[in-house]
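These notes are about the structure you will find just below.
Along the sequence shown, residues are numbered consecutively beginning with 1.
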Amino acid sequence: AVDKEPNYFYAPLWIFDVIINGLQFLADVTRSEQLEDAAETGRIGKYYAVEDMLTTDPEEKYGTVTLQEHYNRIAVEGQEYDPYTTMFA
């Protein structure tokens, strides 16, 4: 929201491992495909929690232009083709 500080919370990564291993153990014991799928979903969630999605360069992790500033500039100046935006002005 506008003018609000983001609210983040910390969760240690070992929690993922405990949950994933628990689900995998139960899936192996019961031969449950649903528990196997739940364990795989946990693995996917851990991957997205750990890996950088945009860049690995620390200088590029945080931009200086907000999305609103970007759209305001497009509204005033117009825009050619930008492959990173689905909006044409």
Side-chain angles (χ1 to χ4, degrees):
V2 178
D3 296 326
K4 273 184 95 172
E5 287 295 318
N7 184 15
Y8 300 111
F9 67 93
Y10 172 77
L13 288 176
W14 62 264
I15 289 177
F16 279 100
D17 295 328
V18 169
I19 294 169
I20 291 166
N21 292 337
L23 289 169
Q24 188 62 57
F25 173 76
L26 291 173
D28 293 342
V29 169
T30 62
R31 298 177 189 213
S32 168
E33 189 173 328
Q34 288 178 322
L35 289 172
E36 181 72 42
D37 290 343
E40 184 62 25
T41 301
R43 288 185 198 94
I44 293 168
K46 181 180 177 184
Y47 173 81
Y48 283 106
V50 171
E51 293 296 322
D52 288 325
M53 295 291 114
L54 299 175
T55 181
T56 56
D57 182 7
E59 296 294 319
E60 296 177 355
K61 284 194 177 187
Y62 301 102
T64 57
V65 177
T66 66
L67 186 59
Q68 185 63 52
E69 291 170 344
H70 174 71
Y71 286 144
N72 289 344
R73 184 186 58 79
I74 291 171
V76 171
E77 299 173 13
Q79 173 179 315
E80 300 272 336
Y81 173 70
D82 182 357
Y84 303 106
T85 312
T86 58
M87 180 176 141
F88 289 98

Query raised in the report: What distance do D28 atom CG and N21 atom CG have between them, rounded to the nearest 0.5 Å?
Result: 10.5 Å
Query raised in the report: Mind checking who shares a hydrophobic cluster with I20, ILVMFWY linked at side-chain heavy-atom distances under 4.5 Å?
Result: L13, F16, V50
Requested in this report: Indicate, with yes or no, if Y48 and V18 share a hydrophobic cluster defined by side-chain heavy-atom contacts under 4.5 Å among Ile, Leu, Val, Met, Phe, Trp and Tyr.
Outcome: no
Query raised in the report: Applying the 4.5 Å side-chain criterion to the ILVMFWY set and letting contacts propagate, would I19 and V29 be lumped into a single cluster?
Result: yes
Report task. Give a yes or no on whether the backbone of T66 and the side-chain of E69 come within a donor-acceptor separation of less than 3.5 Å. Result -> yes
Query - Any residue meeting salt bridge (Lys or Arg N to Asp or Glu O under 4.0 Å) with E77, in chain and number order, not counting sequence neighbours - result: R73
Query raised in the report: Between CG of D37 and CD of E33, what distance do you get to the nearest 0.5 Å?
Result: 5.5 Å
Query raised in the report: Mind checking what makes salt bridge (Lys or Arg N to Asp or Glu O under 4.0 Å) contact with E36, not counting sequence neighbours?
Result: none
**Report entry** Spacing of CG belonging to L35 relative to OG1 belonging to T41, to within rounding of 0.5 Å
**Finding:** 11.0 Å
Requested in this report: Kindly compute the distance separating CD1 (I74) from OH (Y71), expressed to the nearest 0.5 Å.
Outcome: 6.5 Å
Query raised in the report: Do R43 and Q24 touch side chain to side chain, with heavy atoms closer than 4.5 Å?
Result: yes
